[in-house]
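A quick write-up on the structure given underneath.
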Amino acid sequence: MFYSTRSKLIVSFISVSLLVGIVSLIVGGQMLYNSILSEAHHRVSQDLNVARVIYDDRVNAIRLSLETIGLSGDVHSALDTGDRMSLMSLLDQVAIRGNLDFAGVVSPDGAVICRMGAYAPADGVLPGKNPVTEFVLTTGDAVAGTVVLDQAMLGQENPKLAQRVLIQSPTDNQDNRGIQTEAGDGLAIAAAVPVTVDGRPLGIIYGGIVLNRDQSIVDKIGDTVFKNELYKGHKMGNATIFFKDLRVSTNVMKKDGTRAIGTHASNEVTQRVLNGGKRWTDRAFVVNNWYITAYEPITDIFNNRVGMLYVGVLEAKYADVRQRALWVFSGITLAGVALSIGLGWLLANRILGPVNQLIKASVEISNGNLLPEIGPISKSDIGLLQKKFEKMASALREREQQRHEEHETRMLQSEKQASVGKLAAGVAHEINNPLTAVLTFTHLILRRKSLPDDVREDLKTVALQTERVRNIVKGLLNFSRQTHLDPESINLNRLMGDCVSLMENNALIRGVGLNFKRKDSLPMVTLDRNHFQSVIVNIIINALDATKPGGQIYIHFRSATFMGRTGIEIVIRDTGSGIDPEHLDKLFDPFFTTKEVGKGTGLGLAVSAGIVERHGGSISVQSKVGKGSAFAIWLPVKPEKSSPQNNKWCDQPSCEPQTGSNI
């Protein structure tokens with residue numbers, strides 16, 4: 001049943017439905033996912049912009065707090081009088097309002113006057129390197145931004161800060177391939193503003209927040225941008241501040257529920273963002289989940305890239321949207337398959353009726369009935385098949401009729417030649433000896449010197465006509481006699497060249513051009529050289545007889561097929577008077593000639609046709625009165641066993657296989 005037309009139609013419908021459904025599922029799902037992913041990339045890019053604004057706002061808030069206290073008269077008075085305790089009290093107030101980790105005041109020459117809390121500089125101890133105060137001392141302008149603080153400065157500001165910035169990466173961290181931070185270095189946002197009165201510098205107030213382990217900024221980003229939304233127990237979005245490639249502040253959680261402090265960014269991100277200074281947006285595996293992420297570099301007040309700012313959106317939500325869409329597409333595909341089964345069953349029943357009738361008709365044709373019943377012609381596309389089948393049957397009938405007629409013609413021709421051959425052999429045998437005697441005695445009498453002139457002329461006429469009868473008898477013998485062939489491997493170019501050489505003088509005397517075009521790479525053929533040369537010469541002589549002075553005879557080779565076999569065709573075409581159509585069928589009959597009486601026996605072409613057929617070939621003619629004739633001699637080619645390609649002797653467009661000659 002699986003080989004039936006009905007089953008094949010149903011399977012075809014199902015296959016098409018499945019193919020279309022699967023392609024739609026893949027393409028549609030991918031397009032939907034790409035669209036959602038593109039939207040996620042756009043969103044995370046916008047989220048990173050918001051995170052940057054929150055980060056910069058925190059920096060500006062520190063600067064604003066310091067600028068506000070720097071304009072206070074209490075600060076001016078304390079600096080003028082050297083009241084360190086008042087300055088420390090004011091710094092503590094600013095630190096509390098601004099939630100600062102460190103703050104202090106330095107003199108115009110850079111010496112630390114006081115710090116917040118109880119951490120005053122010890123006598124004789126040089127102050128640690130403070131980038132923001134050095135910037136103000138160098139430029140005279142206020143500054144705010146990101147800085148890297150070394151261990152000495154942090155230890156002097158607050159020993160607890162020096163301990164806080166120490167972050168050690170987990171030993172099992174697979175991403176620990178990044179740039180290693182120096183021990184004790186910390187990333188901070190800080191500001192410093194000069195304090196002046198009437199243009200006179202009194203000192204510099206500075207302060208800031210150490211970002212290592214500080215969660216205020218990343219938590220504010222999570223609360224502001226992502227609303228702390230959860231999806232399947234995971235935060236929908238998160239944020240991270242990197243010191244170089246090290247996470248120092250993050251709300252990304254590890255599997256144990258702790259923040260992923262101390263883990264590193266991937267090498268690809270580090271190379272592009274930290275080293276290349278470009279933004280990076282793509283999907284990435286962050287600690288323990290896939291996120292749509294965005295990174296951009298963080299630069300310090302000296303415009304050096306010292307870290308990265310990151311935000312990420314959980315990819316799982318978008319993947320689930322895609323999964324739901326795929327299920328919807330799958331349902332549609334299955335519904336299409338079910339519909340295809342029903343539709344295929346219905347159409348199969350409508351189609352199979354005419355098809356079954358055609359199957360029966362084909363069986364009848366194979367059994368010999370070339371006029372089968374195919375039923376009424378359908379109006380659908382099956383009707384085209386029925387019409388083609390009907391034309392095929394008609395063509396088969398015509399071909400069979402043609403083959404039958406050709407067979408009868410060949411049988412008639414063979415019987416005619418056989419009967420004429422027997423008659424010719426008998427006649428030739430009976431009259432050959434008397435003719436020889438007549439001709440011999442006639443020549444003996446002509447040797448007599450005493451013969452009167454009129455008698456001599458009459459005897460010459462007798463001798464000439466007797467010689468003509470003798471030639472006719474010789475032609476009869478050649479026609480009737482199945483002489484033994486002596487075949488050999490022949491180069492057709494050389495054989496044809498020899499024949500043309502024999503006839504060149506004759507053609508020159510008659511004023512007719514004899515043109516032979518050789519063909520390279522012709523295969524060797526097996527022929528009887530003498531017999532076949534007589535065939536070519538006889539056809540050329542006939543062409544010369546039919547062509548007036550100034551005419552042309554053309555000889556060339558071409559590939560041709562005959563009865564499904566490949567061979568070589570020798571074409572001899574003239575521009576002579578041509579042959580009447582009613583004479584073409586009789587041209588190869590014995591004793592039929594179109595020449596004047598006495599100029600031909602009518603046996604030349606008959607003998608030539610017999611020789612060609614004995615070589616397994618065929619000879620044909622096409623002619624138009626007043627335009628000339630073309631004789632085509634087809635010979636089979638037997639390819640060599642060692643090289644089947646030897647038969648491919650002609651690869652030019654002009655040598656396409658043909659089945660007839662054109663005038």
Side-chain angles (χ1 to χ4, degrees), residues 1-48 50 222 225-239 252-253 255 266 268 280-294 310-356 378-385:
M1 61 173 294
F2 294 104
Y3 294 97
S4 66
T5 304
R6 177 184 289 104
S7 299
K8 290 180 179 179
L9 284 173
I10 295 175
V11 170
S12 298
F13 275 100
I14 295 174
S15 301
V16 171
S17 299
L18 283 175
L19 179 62
V20 173
I22 292 173
V23 171
S24 300
L25 190 65
I26 296 173
V27 175
Q30 192 63 37
M31 290 178 64
L32 179 62
Y33 180 71
N34 289 339
S35 176
I36 294 173
L37 203 60
S38 176
E39 181 62 27
H41 286 179
H42 178 72
R43 174 189 170 177
V44 79
S45 251
Q46 296 299 318
D47 292 344
L48 183 60
V50 175
V225 177
F226 305 110
K227 308 298 183 183
N228 290 323
E229 179 185 354
L230 295 178
Y231 184 78
K232 293 184 178 180
H234 299 280
K235 285 187 176 182
M236 187 62 194
N238 49 44
V252 176
M253 297 299 179
K255 292 182 179 180
S266 67
E268 181 182 2
W280 192 89
T281 303
D282 203 346
R283 67 189 296 267
F285 190 80
V286 179
V287 181
N288 56 18
N289 226 323
W290 284 98
Y291 288 84
I292 309 299
T293 62
Y310 150 87
V311 294
V313 179
L314 193 65
E315 187 189 40
K317 182 176 181 179
Y318 301 102
D320 289 345
V321 171
R322 180 197 182 197
Q323 189 68 27
R324 287 193 295 270
L326 290 178
W327 280 114
V328 171
F329 282 129
S330 299
I332 295 174
T333 301
L334 291 176
V337 170
L339 180 62
S340 298
I341 293 175
L343 186 61
W345 187 272
L346 178 63
L347 291 179
N349 290 332
R350 293 178 62 90
I351 293 172
L352 283 180
V355 171
N356 288 332
S378 174
K379 295 182 179 179
S380 63
D381 291 341
I382 297 297
L384 298 176
L385 178 61

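Predicted model only: the values in this text are computed from it and were never measured.
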- How far apart are the closest heavy atoms of R283 and H41, and which atoms are they?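 Between these two residues, the closest heavy atoms are N-NE2, 4.3 Å.
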Output a table of donor-acceptor pairs, distance under 3.5 Å, between side-chain atoms of residues 286-293 and any protein atom two or more places apart or on a different chain; print 'none' if there are none.
{"unit_1": "N288", "atom_1": "ND2", "unit_2": "M253", "atom_2": "O", "d": "3.1"}
{"unit_1": "Y291", "atom_1": "OH", "unit_2": "N238", "atom_2": "ND2", "d": "3.2"}
{"unit_1": "T293", "atom_1": "OG1", "unit_2": "D282", "atom_2": "O", "d": "2.8"}

- Which value, rounded to the nearest 0.5 Å, describes the distance between H42 atom NE2 and T281 atom OG1?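 It is 11.5 Å, given to the nearest 0.5 Å.
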- Query: About how many Å separate CH2 of W280 and CG of L48, when rounded to the nearest 0.5 Å?
  - Reply: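 Between L48 CG and W280 CH2, I get 12.5 Å after rounding to 0.5 Å.
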Are [X] and [Y] packed together at the side-chain level, in the sense that at least one heavy-atom pair is separated by less than 4.5 angstrom?
X: V225; Y: V311; value: no
X: L230; Y: M236; value: no
X: D320; Y: Y231; value: yes

